[in-house]
Structure formats: C-alpha cells, structure tokens
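Before any comments, here is the structure.
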Amino acid sequence: MSRIENLNQPIYENIALSLEPHDLIELSITSKQMNNSLMNNNIWKSKTDNDFGNLFEIYNIFTHSTGLELAPDLATKFGKEPNNWKEYYAQKNATVDGADDESLMTQAEKEYSEAQAFLKTFQNDGNVSVLSRVASKMMWILDVFPTHAGCYYILGFILFVLNRLEDALIPLRTGRLVDPEFEPIAGKHRFL
C-alpha cells in the first residue's frame with residue numbers, strides 16, 4: 001500500500017475539493033483503496049457544496065425558518081437532497097457547463113437587477129411577499145449559475161431582514177466561497 005492510500009478521510013476530502021471531476025475519477029481508479037476513499041457519497045456531497053453551494057440547505061432555511069413561501073417548483077429541485085451525490089454533481093456540472101449561453105447570462109443579470117429593485121419596494125412598503133418572490137428568483141438563478149455571489153448576498157440580506165442572523169451567514173459564506181472578490185461580501189470577511 002502506498003503512502004497516499006494511508007491518508008485519513010479529511011485529507012482525501014481536501015484532495016477531492018481541489019481536483020476537477022475527471023481528475024478525481026482518474027485518481028480513484030488507481031487502486032481499490034483510492035476508489036473506496038474518493039468515490040464515497042460524502043466526498044461528492046462536499047465537492048458539490050464546495051463547487052455549487054448547498055442550495056438544499058439554503059432552501060431548507062427559507063422554507064422552515066422564515067415562514068416565507070418560495071415558488072412551488074423549487075420544492076422539486078431542493079426539497080430533498082439526492083441519494084447519489086456523484087450523479088447529482090455530474091448532472092449539475094453538465095447543466096452549469098451548458099449554461100454559458102450569453103442570453104442566459106443576460107437574463108440572469110436582468111432578474112438580479114429586478115430583484116434589487118423589488119427589495120427597494122420592500123424597504124418602502126414592508127410587503128413580505130416581495131421577499132418570497134426575490135428569494136425564489138435568487139434560487140432560480142443559482143440553480144443555473146451557482147457562482148453568482150450577488151444572489152447569495154441578497155439571500156443573506158433577506159435572512160438578515162427577517163432577523164435570522166445566524167442563518168444569514170450561511171449564504172454569505174457560500175457567496176464568499178464561490179467568488180471571494182465579490183465586493184459586498186469580500187468587505188465583510190471579519191464576520192464570516
């Protein structure tokens with residue numbers, strides 16, 4: 001058994017997080033021990049969370065902790081975590097790779113700008129249904145563009161407004177993870 005096969009699971013997880021999926025699979029086929037260590041469901045869940053954010057957790061916070069009603073179609077996507085994280089990662093990776101279409105990016109930015117405008121109306125009239133609509137929009141965008149840090153920032157802001165302060169840190173940390181240079185989050189690093 002080689003030295004790399006003697007590593008403990010957290011080190012395998014760090015290796016997995018730093019590798020591209022193809023490279024991770026290639027490394028896993030070098031031995032049975034590597035396959036067992038790198039192809040387990042927990043490694044792929046961590047890789048999914050690291051590369052795409054944990055939208056299941058964020059969805060759960062919004063639907064169970066805030067009392068907001070998000071769009072019904074989001075329950076189908078994020079209401080229950082997948083059983084096979086490797087398969088989910090592959091599907092999500094293919095979706096994200098296919099989403100580089102300029103028109104999709106333009107639409108996402110338009111939706112993001114509209115969400116910011118909706119939040120301003122909330123500040124004026126206090127209509128909580130606006131928060132549900134904006135949170136749903138952010139989840140839709142993140143489903144296709146999981147590295148859109150601005151969406152995580154807005155979700156964190158909504159949780160903050162609803163006095164869910166600890167919960168607000170979760171999307172903010174995710175936004176910082178996916179885009180450490182996003183100014184509104186980057187400047188808040190001492191709190192995250």
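For the numbers below, each heavy atom of this structure counts, side chains included, while hydrogens, waters and symmetry mates do not.
Cation-pi contact between Arg176 and Phe182: absent, since separation from the ring centre below 6.0 Å together with deviation from the ring axis within 45° is not met.
Among all heavy-atom pairs drawn from Ala135 and Phe62, the shortest one is CB-CE2, 3.8 Å. Residues Thr66 and Leu159 approach most closely at CG2-CD2, 3.5 Å, considering heavy atoms. Summarising the geometry of Ala16 relative to Ile43, their closest heavy-atom pair is CB-CG2, 3.4 Å, with the distance given to 0.1 Å. Summarising the geometry of Ala168 relative to Gly156, their closest heavy-atom pair is CB-O, 3.4 Å, with the distance given to 0.1 Å. Nearest approach of Ile58 to Met139, heavy atoms of both residues: CG2-SD, 3.9 Å. What you find for Asp179 and Thr147 is that their closest heavy atoms are CB-O, 4.4 Å.
Residues satisfying the ring-ring contact (aromatic ring centres under 6.0 Å, His included) criterion with Phe56, sequence neighbours excluded, are Phe78, Trp85, Tyr88. Residues satisfying the ring-ring contact (aromatic ring centres under 6.0 Å, His included) test with Phe122, not counting sequence neighbours, are none. Taking Tyr112 as the reference, His148 meet the ring-ring contact (aromatic ring centres under 6.0 Å, His included) condition, with sequence neighbours excluded.
Atoms NZ and CD1, from Lys137 and Ile154 in turn, are 10.5 Å apart once rounded to the nearest 0.5 Å. Taking CG of Asp51 as the start and CG of Asn93 as the end, the distance is 7.5 Å to the nearest 0.5 Å. To the nearest 0.5 angstrom, Ser65 atom OG is 12.0 Å from Glu166 atom CD. Asn50 CG to Thr174 OG1: the interatomic distance, rounded to the nearest 0.5 Å, is 10.0 Å. Taking CG of Leu38 as the reference point, atom CD1 of Ile15 lies at 7.0 Å (rounded to 0.5 Å). Rounding to the nearest 0.5 Å places CZ of Phe157 at 10.5 Å from CD of Gln116.
Ion pairing between Lys77 and Asp73 fails under the 4.0 Å rule for side-chain N and carboxylate O. A salt bridge links Lys92 with Asp143: the closest approach of a Lys/Arg side-chain nitrogen to an acidic carboxylate oxygen falls below 4.0 angstrom.
In terms of hydrophobic clustering, with Ile, Leu, Val, Met, Phe, Trp and Tyr side chains grouped at heavy-atom distances under 4.5 Å, Val161 and Leu119 are assigned to a common cluster. No continuous path of ILVMFWY side-chain contacts below 4.5 Å connects Leu162 to Phe160, so the two sit in separate hydrophobic clusters.
A donor-acceptor pair shorter than 3.5 Å cannot be found between the side chains of Asn84 and Trp44. A donor-acceptor pair shorter than 3.5 Å cannot be found between the side chains of Ser132 and Glu69.
Between Ser113 and Lys110, the closest side-chain pair of non-hydrogen atoms is not below 4.5 Å. Side-chain contact between Ile61 and His64 is absent, with no heavy atoms from C-beta onward closer than 4.5 Å. Using a 4.5 Å cut-off on side-chain heavy atoms (C-beta onward), Tyr153 and Ile158 make no contact. Using a 4.5 Å heavy-atom cutoff, the side chains of Leu131 and Val134 are not in contact.
At distances below 3.5 Å, not a single donor-acceptor pair connects side-chain atoms of Lys47 with backbone N or O atoms of Glu20.
In this structure, the ring of Phe52 has its center less than 6.0 angstrom from the ring center of Tyr89.
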